[in-house]
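Beneath this line is the structure, given in structure tokens, with notes to follow.
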Amino acid sequence: MIKLVIADDHNRVRQAWVFILSRNPDIEIVAECTNGEDAVNAVKVHCPDVVLMDINMEPMNGIEAAQIITRTCEKTKVIGMSVHADMAYVNKMLEVGAIGYVTKNSSSEEMVEAISSAIRGESYLCKEIQALARN
């Protein structure tokens, strides 16, 4: 069972991913967080396998939270998640230790593939970002 934390400050987005991903029998959502600070605390409590981390949150953004999580909990893999299909965001998340990056346009299948890749220790960039990187 993959223990997953979802961190996103937009309630509807977070709830949509919770609904979609909780239907997968291999995924257990152990916490939902509204900001980076909550995500850091959830990792301390639940020691999840993966965190889906929105980037733009207040008071602590996803980049800051990812940096703390990847430095303090080796087991937990962070996947950056944003509406922004922008290589600057992608590069910054990877720089601070995230193993992958998906946009909120990603399909549920792509999100599950990103999570599975993270569990295997493999980096993952969604198709939208791969296309951007090729240009």
Side-chain angles (χ1 to χ4, degrees):
M1 182 71 69
I2 299 167
K3 292 180 6 181
L4 178 71
V5 168
I6 299 176
D8 195 304
D9 60 340
H10 292 98
N11 187 47
R12 288 186 181 186
V13 171
R14 191 176 62 254
Q15 291 303 314
W17 284 119
V18 167
F19 176 76
I20 291 165
L21 295 172
S22 66
R23 298 174 75 195
N24 185 310
D26 298 325
I27 296 174
E28 176 189 5
I29 297 167
V30 295
E32 299 173 42
C33 305
T34 59
N35 62 57
E37 189 175 3
D38 289 346
V40 169
N41 290 331
V43 168
K44 289 177 186 173
V45 171
H46 299 285
C47 197
D49 301 300
V50 178
V51 177
L52 287 180
M53 181 75 72
D54 185 22
I55 292 176
N56 293 316
M57 298 183 288
E58 295 292 332
M60 180 188 291
N61 69 42
I63 294 169
E64 295 165 325
Q67 186 169 31
I68 293 168
I69 291 167
T70 58
R71 286 186 178 168
T72 58
C73 189
E74 260 184 54
K75 172 190 182 265
T76 301
K77 307 297 185 203
V78 177
I79 299 171
M81 178 176 65
S82 181
V83 296
H84 301 290
D86 183 323
M87 288 309 294
Y89 284 105
V90 175
N91 291 335
K92 190 62 180 166
M93 280 301 283
L94 297 176
E95 221 173 82
V96 299
I99 197 163
Y101 191 97
V102 293
T103 63
K104 292 182 183 177
N105 296 327
S106 297
S107 68
S108 57
E109 293 82 10
E110 198 167 24
M111 192 66 80
V112 170
E113 179 57 32
I115 294 166
S116 298
S117 293
I119 291 298
R120 293 189 303 268
E122 301 168 359
S123 63
Y124 185 89
L125 299 177
C126 70
K127 291 178 179 98
E128 188 175 4
I129 298 301
Q130 289 177 32
L132 188 64
R134 283 192 293 266
N135 295 332

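Nothing fancy with the numbering, it's 1 onward along the sequence. This one's a predicted model, so the numbers in the text were calculated from it and none came from an experiment.
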What about Trp17 and Val30, same hydrophobic cluster or not, with Ile/Leu/Val/Met/Phe/Trp/Tyr joined at side-chain heavy-atom distances under 4.5 Å? no

Is it the case that one hydrophobic cluster holds both Phe19 and Leu21, taking links as side-chain heavy atoms less than 4.5 Å apart, direct or via other members? yes

Test item: Val102 and Tyr124 side chains (from C-beta on) under 4.5 Å apart, heavy atoms: yes

Quick one: pull up CG in Asn56 and CD1 in Ile63 and give me the separation to the nearest 0.5 Å. 7.5 Å

Inter-residue atom distance Cys126.SG - Asn105.CG, 0.5 Å rounding: 8.0 Å

Minimum side-chain heavy-atom gap Val40-Met60 below 4.5 Å: yes

I need the Ser107 OG to Ile20 CD1 distance, nearest 0.5 Å. 9.5 Å

Salt bridge (charged side-chain N to carboxylate O under 4.0 Å, His left out) partners of residues 82-108, not counting sequence neighbours, each pair once: Asp8-Lys104, Asp54-Lys104, Lys92-Glu95

Point-to-point distance, once rounded to the nearest 0.5 Å, from CE of Met57 to NE2 of His10: 10.5 Å

List in chain and number order the residues that pass side-chain hydrogen bond (donor to acceptor under 3.5 Å, both in side chains) with Asp49, two or more places apart in sequence or in another chain; answer none if no residue qualifies. Lys75

Rounded to the nearest 0.5 angstrom, the CE-CD1 distance for Met93 and Ile129 is 12.0 Å

Using side-chain heavy atoms (C-beta onward) and a distance below 4.5 Å, is Met87 in contact with Tyr101? no

Let me check something: do Ile2 and Val5 share a hydrophobic cluster, defined by ILVMFWY side-chain heavy atoms less than 4.5 Å apart, either directly or through other members? no

Qualifying residue, where the test is side-chain contact (heavy atoms from CB on, under 4.5 Å) with Thr70 and the options are Thr76, Val78, Ile99, Val43: Val78

Partners of Tyr89 by side-chain hydrogen bond (donor to acceptor under 3.5 Å, both in side chains), sequence neighbours excluded? none

Keeping the roles fixed (side chain from Glu122, backbone from Ser117), state whether a donor-acceptor pair exists under 3.5 Å. no

N/O donor-acceptor pair under 3.5 Å between Gln67 side chain and Glu64 backbone: no

If two hydrophobic side chains count as joined below 4.5 Å and joins carry through other members, does Ile55 share a cluster with Val13? no

Hydrophobic cluster membership, Ile29 vs Met81, 4.5 Å side-chain cutoff: yes

Exactly one of Val45, Val51, Leu52 should register a side-chain contact (heavy atoms from CB on, under 4.5 Å) with Pro48. Which one does? Val51

In Å, rounded to the nearest 0.5 Å, how long is the span from CG of Leu4 to CD of Glu32? 10.0 Å

Mind listing the closest non-hydrogen atom pair of Cys73 and Cys47 along with its distance? SG-SG, 3.9 Å

